[in-house]
Amino acid sequence: MEILARWAGCAYCDGPAEELDHVLPIARGGRDVAANVVAACRDCNASKYTHTLACWAITGGHAPCVCDS
Ligand SMILES: [Zn+2]
Ligand SMILES: [Zn+2]
């Protein structure tokens, strides 16, 4: 995917740009537009999953999820 080539690495850590992540997940109303898409490594993308950035920053993707609080 050429959009990944615009990224030097994962937006969240020092890992490689392996996958595209929606900053606000589609499942939570995020839109599939460039402004909402960043590159992420597999580990970050997997742990962020459908959490909001704020929730992920607090919980690291582990329960208890605070996306809806
Ligand atoms: Zn990462
Ligand atoms: Zn969450």
Side-chain angles (χ1 to χ4, degrees):
M1 289 214 259
E2 72 258 13
I3 192 168
L4 281 175
R6 293 188 303 158
W7 294 83
C10 175
Y12 305 119
C13 76
D14 292 331
E18 294 176 312
E19 301 178 342
L20 292 174
D21 175 62
H22 291 95
V23 178
L24 181 61
I26 300 293
R28 296 193 179 279
R31 296 205 295 147
D32 191 21
V33 296
N36 191 40
V37 174
V38 298
C41 69
R42 267 186 201 98
D43 285 349
C44 286
N45 206 11
S47 67
K48 184 169 175 286
Y49 192 44
T50 60
H51 298 287
T52 62
L53 195 56
C55 173
W56 185 53
I58 295 168
T59 68
H62 302 294
C65 173
V66 296
C67 283
D68 297 316
S69 64

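Order of appearance sets the numbers: ligands from 1, and atoms from 1 within every ligand. The analysis underlying the following values was restricted to heavy atoms, covering all of them including side chains, and did not include hydrogens, waters or symmetry mates. One is the number of the first residue; the rest follow in order along the sequence.
The name of the N, O or S atom in His51 nearest to the Zn ion (ligand 2) is ND1.
Here the CZ-NE2 distance, from Arg31 to His22, works out to 11.0 Å after rounding to the nearest 0.5 Å. Separation of atoms OG1 (Thr52) and CG (Asp68) is listed at 8.5 Å; rounding is to 0.5 Å.
Between Leu53 and Leu24 there is no side-chain heavy-atom pair separated by less than 4.5 Å. Looking at heavy atoms from C-beta onward, Asp43 lies out of side-chain contact with Tyr12 at the 4.5 angstrom threshold.
Angle SG(Cys65) to the Zn ion (ligand 2) to SG(Cys67): 110° [nearest 10 degrees]. Vertex the Zn ion (ligand 1); arms to Cys44 atom SG and Cys10 atom SG; angle 110° (nearest 10°).
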